[in-house]
Amino acid sequence: MNASLFQPEFAYTSAPQRIVFAPLAQNRVGLEVASLGKKRAFVVTTSEQASAGAHLHVALGDMAVGHFSGASMHTPVEVTDRALAVLNEAKADCLVAIGGGSTIGLSKALALRTGLPQVVIPTSFAGSEATPILGQTEGGRKTTLTDPRVRPLVILYDVTLVRSLPPRMVVASGMNAMAHAIEGLYARDRNPISSLMALEGIKALAAALPKLIGDAPRDSDWGEALYGAWLCGTVLGQVGMALHHKLCHALGGGFNLPHAETHAVLLPHAIAYTEAAVPDLLHPVAAIFGTATAYEGLTAFARQIGAPASLSAFGLTETDLPRALDLAMANPYWNPRSVERVGLARLLARALAGEPAQP
Ligand code: NAD
């Protein structure tokens, strides 16, 4: 029998957040706004998803008082300033965001500046909706803060909205979600509940993602992936992340690499580097994939679903490696295996070239 996840010492803080899973949950948006006691909603989207925002305007009726359709990756402060000017004009009393992590990032940045509550409708698997974390970029530098004021009060998960995700984003965003849960399993501040959620989240995504890129996925497959993404995002919001997330932040911020794809390439490599220090904590992940180690399972899974395998495909070059290494070594996050330069240089070189991960 597998051991339970009991730990002799732990602290668990749950956050007040209402989660609704339902097909067409987006049409409940007016009810949810009203149940917060609010009457004037401001809708946030990217330009690519402006039509999803327009649909929400209809669903909100008289409650919709304005919108901003210019959210972009890594939450640039100048975009937030422009959105804030429109928001102030609209005299809104709440925010409604529909989109991926970039849109939800802008909504959080506006919430931080105004104190307005948020109802969010995620359309990717990034998981930002479940966290009190906000990353913002200014002058080419990305900084991250944690503040309970940025955590959305209501999340509406609607399978009908993720069906439009292109396959390459399904794969990358799904691996991004898994990364939160896998690093959560060895976080110093993990607890039995975060570990339960992490394993269930990995299991749900491992089952759903191959079906989503196959022929005719069912709504229940999309729903299972969203369920996994919610669990993995909740883990990200509860416990500290380690080397893998540090690498992704350093490379994403430093070289403007795409967020989810960078996670997808690096995950097997970062876990191969770390696994020998925490084999027992990662054993359940290996068991989910039916392999001897978690990194071998992740490598095979990534190949099965056609995940991107090399950073060079996103424009990183060998001449970038020394600066990438410096960025990755600066202010390192705690990691179960200490982060040394030689090992990290090998890891980055393999990830650049698309070679298989190695311990
Ligand atoms: P994204 O939000 O940038 O979306 C990428 C593109 O896909 C956008 O054009 C978007 O409009 C479009 N898109 C999103 N959902 C779609 C759908 N269902 N159908 C068609 N198009 C769709 O990408 P992402 O990976 O979701 O988010 C990445 C951002 O989120 C990064 O800035 C990252 O730092 C942030 N993030 C933050 C946290 C946190 O806790 N703060 C967690 C994870 C990610």
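- The backbone N or O of Ala71 lies less than 3.5 Å from no partner atom in the side chain of Ser102, so there is not a single donor-acceptor pair.
- Side-chain atoms of Asn176 and Ser173 include no donor-acceptor pair closer than 3.5 Å.
- Judged by distance alone, the side chain of Gln238 and the main-chain N or O of Asn191 form no donor-acceptor pair under 3.5 Å.
- A single hydrophobic cluster is seen to contain both Val120 and Trp222, as judged by linkage of ILVMFWY side chains at heavy-atom distances under 4.5 Å, directly or through other members.
- Closest approach of Leu209 and Gly174 over heavy atoms only: CD1-CA, 3.8 Å.
- For the pair Trp334 and Tyr186, the tightest heavy-atom approach, listed with the atom from each and the gap, is CZ3-O, 3.5 Å.
- Within the 4.5 Å cutoff, the side chain of Val119 has no heavy atoms near those of the Cys94 side chain.
- Side-chain N or O atoms of Lys246 include one that pairs as donor or acceptor with a backbone N or O of Ala330 at under 3.5 Å.
- Relative to the six-membered ring of Tyr273, Arg337 meets both conditions, a distance below 6.0 Å and an angle of at most 45° to the axis.
- Counting heavy atoms from C-beta on, the side chains of Tyr157 and Val20 never come closer than 4.5 Å.
- Residues passing the side chain to side chain donor-acceptor pair (under 3.5 Å) test with Gln136, sequence neighbours excluded: Arg113.
- Between the side chain of Glu261 and the backbone N or O of Ala172, no donor-acceptor pair lies under 3.5 Å.
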Using distance only, find each side-chain donor-acceptor pair of residues 275-288 under 3.5 Å and give its atom names and separation, not counting sequence neighbours.
from	atom 1	to	atom 2	distance (Å)
Glu275	OE1	Ala294	N	3.2
Glu275	OE1	Tyr295	N	2.9
Glu275	OE2	Ala294	N	2.7

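- The shortest distance between side-chain heavy atoms of Leu251 and Leu348 falls below 4.5 Å.
- Lys108 places a side-chain N or O within donor-acceptor distance of the main-chain N or O of Thr131, the cut-off being under 3.5 Å.
- Under the 4.5 Å side-chain heavy-atom criterion for grouping Ile, Leu, Val, Met, Phe, Trp and Tyr, Leu347 is connected to Phe255 within one hydrophobic cluster.
- A donor-acceptor pair under 3.5 Å is absent between the side-chain atoms of Arg188 and the main chain of Gly240, judged by distance alone.
- In this structure, CE on Met329 lies 11.0 Å from CG on Asn331, to the nearest 0.5 angstrom.
- For Arg323, there are no salt bridge (Lys or Arg N to Asp or Glu O under 4.0 Å) partners two or more places apart in sequence or in a different chain.
- No continuous path of hydrophobic side-chain contacts links Met169 to Leu311 [ILVMFWY only; heavy atoms under 4.5 Å].
- The hydrophobic clustering, which links ILVMFWY residues whose side-chain heavy atoms are closer than 4.5 Å, places Phe42 and Met63 apart.
- Applying the side-chain hydrogen bond (donor to acceptor under 3.5 Å, both in side chains) test between His244 and each of His249, His263, His180 identifies His263 as the sole match.
- Thr80 places a side-chain heavy atom less than 4.5 Å from the side chain of Leu110.
- A distance-only check finds a donor-acceptor pair linking the side chain of Asp158 to the backbone of Leu24 [under 3.5 Å].
- The side chain to side chain donor-acceptor pair (under 3.5 Å) search around Gln118 returns Ser107, not counting sequence neighbours.
- Placement of Leu116 and Leu56 in two distinct hydrophobic clusters is found when ILVMFWY residues are connected by side-chain heavy-atom separations under 4.5 Å, directly or transitively.
- In terms of the side chain to side chain donor-acceptor pair (under 3.5 Å) criterion, Ser47 has no residue partners (sequence neighbours excluded).
- Here the side chain of Ser124 pairs no donor or acceptor atom with the backbone of Gly100 at under 3.5 angstrom.
- Relative ring orientation between His74 and His259 is described as perpendicular, the plane-to-plane angle rising above 60° on a 0-90° scale split at 30° and 60°.
- A donor-acceptor pair shorter than 3.5 Å can be found between the side chains of His55 and Asn27.
- Here Leu267 contributes atom CG and His269 contributes atom NE2; the two are 9.5 Å apart, rounded to the nearest 0.5 Å.
- One N or O on the side chain of Asp93 and one on the backbone of Lys39 form a donor-acceptor pair closer than 3.5 Å.
- Considering only residues two or more places apart in sequence or on other chains, Asp219 meets the side chain to side chain donor-acceptor pair (under 3.5 Å) condition with Arg163.
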